[in-house]
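Here is the structure we will look at.
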Amino acid sequence: MASSLRLISGGGSTGVGPVAARPVAPELRNPPADYTYDGSFEGLLTVLFRVYDRKSAPNSIQAAGTAQGGLFAQPVAIDTDEVLATRTWDGLLRFMPEPARARLYHVFLSEDPERELLLFRYADMALRAGRDISDNYADATVRRMQRLAQQLFREKHRMEAFVRFEKAQDGLFHATIEPDFDVLPLIASHFTKRYADQRWLIFDRKRRYGLYYDLTRTTIVEFEAAGQPSRRGEVAATVLDEREPLFKILWQAYFDHVNIPERKNLRLHQRHIPKRYWKYLSEKQPRERRFEPIKNKRSQ
């Protein structure tokens, strides 16, 4: 294990990029193994460490709850070790700069079915090359990593733009989302800075967890089965602030007022705001009250 510690860990926590010394990667000469882990990013980093400790390349890496092995497969269960995960994470800076290392986490959040093996292949390539490989677009793994990261950040920016809050009676602002990727960890900073003067909760209905800001800090919260939101992830009308329906009508009225029917371009509109995001937007919901322009008293 000592050789693996020297290989994976190192003094790269300063984030300044790869250092000059490049240890040689050990040969993974033992038979490949099917690894399972707890599904966390720290767990996956622990798996990466154990791969070189065991000198056994991964035939597969799967979360324990969803692992599907072969008839005669003997999965190797890896327990998450936060110390080893941190050393592995810091040690990656010996072979790649900070942006390239961050891409590993971003691809993990993409929830791609092959993300674990993809991350291993990318890290292993960088380790054996002894340098940054993020610009080697001739390689299929590098191209796939770049594509997934771009898709993730596109979803992140859309969530930051399209999330709409509803105010509850206790003053909490609530929003329910269902993004294609697990972007909550990436949008936390944006909403914490933008809405620092109010309590809010953003709930990911697909992944059953959320972000809660209490005017001091933003934390990750999970919901037990008994306290889950409704089937559509909506807040019950009985807990909404009594003015919330009025706010919705006013926003819809504003949208209708600034809209110019003669310049309608549905194709361009859907390109910038795809239909799958319309469920978050108040202006896209059915009108509960017909919009009527405000009459000018002087013209009466």
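Just so it is clear, the values below take in all heavy atoms, side chains as well, and ignore hydrogens, waters and symmetry mates.
- Residues Phe41 and Trp89 bring their aromatic ring centres within 6.0 Å.
- Tyr52 and Asp124 are linked by a side-chain donor-acceptor pair at a separation below 3.5 angstrom, with hydrogens and angles left out of the test.
- Residues Tyr213 and Phe191 place their aromatic rings such that the two centres sit no closer than 6.0 Å.
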Checklist entry - When you look at Glu114 and Arg144, which way does the salt bridge (Lys or Arg N to Asp or Glu O under 4.0 Å) test go after all the steps? => result CA-CA 11 Å; Glu114 299 179 355; Arg144 180 64 177 160; over 6 Å; no

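- Side-chain atoms of Arg208 come within 3.5 Å of backbone N or O of Arg205 as a donor-acceptor pair.
- Here Glu160 pairs with Lys156 in a salt bridge; the nearest charged N to carboxylate O distance falls below 4.0 Å.
- For the residue pair Asp139 and Tyr122, no side-chain donor N or O sits within less than 3.5 Å of a side-chain acceptor on the partner.
- Ser56 places a side-chain N or O within 3.5 Å of a backbone atom of Pro31 that can act as its donor or acceptor partner.
- Two different hydrophobic clusters hold Leu44 and Val83 under the rule that ILVMFWY side chains link at heavy-atom gaps under 4.5 Å.
- In summary, the aromatic rings of Phe165 and Tyr195 are positioned with their centroids under 6.0 Å apart.
- Classification of the His106-Phe153 ring pair by plane angle, with boundaries at 30° and 60°, yields perpendicular.
- Between Tyr37 and Phe108, the ring planes are tilted. Angles from 30° to 60° get that label.
- Between the side chains of Asp112 and Ser110, not a single donor N or O lies within less than 3.5 Å of an accepting N or O.
- Glu42 places no side-chain N or O within donor-acceptor distance of the main-chain N or O of Glu82, the cut-off being under 3.5 Å.
- For the residue pair Thr80/Thr46, the side-chain donor-acceptor check at 3.5 Å is not satisfied.
- Of the listed residues (Asp38, Val47, Leu48, Leu84), just one forms a side chain to side chain contact (heavy atoms under 4.5 Å, CB included) with Ile78, and that residue is Val47.
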